[in-house]
Amino acid sequence: QVQLAESGGGLVQAGGSLRLSCAVPGIIGRITAMGWYRQAPGTQRELVAVSSGGSTKYGDFVQGRFTISRDNAGSTVYLQMNNLKFEDTAVYYCNIAGATLTGRPRDYWGQGTQVTVSS
């Protein structure tokens, strides 16, 4: 199975920063969207940030604190998170809308990386 690989999570104090990374396998092409989602225990997965067609949208809770980006080669997607709050504690997942050479377009996901914010 083709899978994304998130990293960069960890334990941080409220007000601190983290940068999450998502390694995108080169076999995934025809990428139309990239995004980050998160899921806290007992909750549904929610949108953090998504970039598609030159437009970027963030969840309402982001409030200007997070930035999604991609390196020049398109091999890594980032989520810069500043001024973290306790409520940001969750598992963060990378998402790519794309396709392999022989496959049809679909969403690809990673295993998630834990972000824990202490007060």
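Heads up: numbering here begins at 1 and tracks the sequence. When reading the values below, keep in mind they use all heavy atoms of this one structure, side chains included, and skip hydrogens, waters and symmetry mates.
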Could you tell me which non-hydrogen atom of Leu20 sits nearest to which non-hydrogen atom of Gly9, and how far apart they are? CD2-N, 3.6 Å
Are Val77 and Leu4 packed together at the side-chain level, in the sense that at least one heavy-atom pair is separated by less than 4.5 angstrom? no
Within the distance-only criterion (no hydrogens, no angle test), does the side chain of Tyr78 pair as donor or acceptor with the backbone N or O of Thr67 below 3.5 angstrom? no
If you round to the nearest 0.5 Å, how far is CG of Leu84 from OG of Ser118? 10.5 Å
Does the Asp71 side chain pair with the main chain of Thr76, one donor and one acceptor, at a distance under 3.5 Å? yes
Can you establish whether the number of heavy atoms outside Phe86 located under 6.0 Å from its atom CZ is more than 12? no
Indicate yes or no: at least one non-hydrogen side-chain atom of Met81 is less than 4.5 angstrom from one of Val115. yes
Side chains of Tyr93 and Gln39, heavy atoms from C-beta outward: is any pair under 4.5 Å? yes
Any side-chain heavy-atom pair of Tyr37 and Val91 under 4.5 Å: no
Using a 4.5 Å cut-off on heavy atoms from C-beta on, say whether the side chain of Pro105 contacts that of Arg30. yes
What residue among Asp88, Thr113, Thr89 forms side chain to side chain donor-acceptor pair (under 3.5 Å) with Arg38? Asp88
Tyr58 versus Trp36: any side-chain heavy-atom pair under 4.5 Å? no
How long is the gap from SG on Cys94 to CD on Gln3, to the nearest 0.5 Å? 11.0 Å
